[in-house]
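Predicted, not measured: the structure shown is a model, and the values here were computed from it. One-based numbering along the sequence shown.
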Amino acid sequence: MKNMIASALFEELGRYLVFLLLLKRSRQFGDGVSLGIGHGGVEAVLVGALGAVIAFIYAMMIDNGPFETNLSVLPPEQISQLKTQIMETGFTAYLLAGLERAGAMVMQIMFSVMVLFGVKSGTFKYVL
């Protein structure tokens, strides 16, 4: 719970500082939407797409045989657990993860617009 609160405060303060210091002349509604799309898009790529690519690479390694040898620095139990997890994760899980990222992106846009509104009105409570 502490990590979520710290993360939320860090993100919102970051948005606040961007609008306050860097985007002094760009404080229209579209600017807030653009910042949210950028933030959400980078997060979607780093969290969602990168994880899916790594899972795909692991799946290819399992199919072609070098999975165990390439991960030989890990304990055998951990390799076995990772292999089982990759093999048992269905397409639906990745589809749901994509939907979750789309929802998170919409929320990032909403949060950016809300912080922009707070900066324009001079009210810090919208950041919190």
Side-chain angles (χ1 to χ4, degrees):
M1 184 69 171
K2 289 180 187 178
N3 291 339
M4 290 181 7
I5 293 171
S7 175
L9 283 175
F10 181 77
E11 285 188 22
E12 301 315 310
L13 286 175
R15 284 185 182 94
Y16 180 76
L17 292 175
V18 165
F19 281 123
L20 193 66
L21 303 175
L22 299 177
L23 299 177
K24 292 179 182 181
R25 297 183 185 154
S26 302
R27 293 185 181 165
Q28 301 301 316
F29 178 78
D31 300 318
V33 172
S34 295
L35 183 73
I37 290 172
H39 184 112
V42 167
E43 187 176 286
V45 168
L46 291 178
V47 173
L50 195 58
V53 168
I54 291 170
F56 179 73
I57 290 170
Y58 281 169
M60 295 300 291
M61 287 170 52
I62 290 169
D63 282 346
N64 296 323
F67 184 76
E68 285 84 2
T69 56
N70 285 343
L71 298 177
S72 61
V73 295
L74 298 175
E77 312 85 43
Q78 194 172 4
I79 294 172
S80 175
Q81 183 182 16
L82 181 59
K83 185 175 182 179
T84 302
Q85 182 180 2
I86 295 294
M87 291 174 60
E88 291 181 357
T89 302
F91 177 74
T92 308
Y94 294 106
L95 183 63
L96 289 174
L99 289 173
E100 184 273 335
R101 287 287 94 205
M105 192 163 177
V106 169
M107 291 179 68
Q108 295 293 357
I109 295 168
M110 292 185 324
F111 294 148
S112 294
V113 170
M114 188 183 317
V115 170
L116 173 62
F117 181 73
V119 169
K120 283 180 75 169
S121 67
T123 310
F124 190 76
K125 69 180 179 182
Y126 293 106
V127 175
L128 298 177

* Say you draw a straight line from CD1 of I109 to CE of M114; how long is it, rounded to the nearest 0.5 Å? -> 13.0 Å
* Main-chain N/O of E77 paired with S80 side-chain donor or acceptor, under 3.5 Å -> no
* To do: Would you check if F111 and E11 make a side-chain contact, meaning some heavy-atom pair closer than 4.5 Å?
  => no
* Structure fact -> In terms of heavy-atom contacts, L82 and L71 come closest through CD2-CD1, 3.9 Å
* CZ-CD1 distance between F56 and I86, expressed to the nearest 0.5 angstrom -> 12.0 Å
* Least distance between heavy atoms, S112 atom then G32 atom -> CB-O, 3.3 Å
* **Linked, directly or transitively: L13 and F19 (ILVMFWY side chains, under 4.5 Å)** => yes
* Honestly curious: do I57 and V45 fall in one hydrophobic cluster under the side-chain, below-4.5 Å linking rule? -> no
* Asked: In Å and rounded to the nearest 0.5 Å, what is the OH to CG distance from Y94 to L96?
  -> 12.0 Å
* Out of curiosity, does F10 fall in the hydrophobic cluster containing Y16 (side-chain heavy atoms, cut-off under 4.5 Å, transitive links)? -> no
* Asked: Can you find a pair of side-chain heavy atoms, one from M87 and one from D63, that are under 4.5 Å apart?
  -> no
* Does F124 CZ have over 12 foreign heavy atoms under 6.0 Å away? -> yes
* To do: Treat each ILVMFWY residue as a node, draw an edge where side-chain heavy atoms are under 4.5 Å apart, and state whether L74 and M61 are in one component.
  => yes
* For L50, which residues count as a side chain to side chain contact (heavy atoms under 4.5 Å, CB included) partner, sequence neighbours excluded? -> I54
* To do: Only counting residues at least two apart or in another chain, list the ones meeting salt bridge (Lys or Arg N to Asp or Glu O under 4.0 Å) with E43.
  => R101
* Heavy atoms of other groups near M107 CE, more than 12 under 6.0 Å -> no
* Whether R27 side chain and L116 backbone form a donor-acceptor pair below 3.5 Å -> no
* Asked: Do V42 and V47 share a hydrophobic cluster (ILVMFWY, side-chain heavy atoms under 4.5 Å, transitive)?
  -> no
* To do: Could you pull out the closest heavy-atom pair between L35 and V18, with the gap in Å?
  => CD1-CG1, 4.1 Å
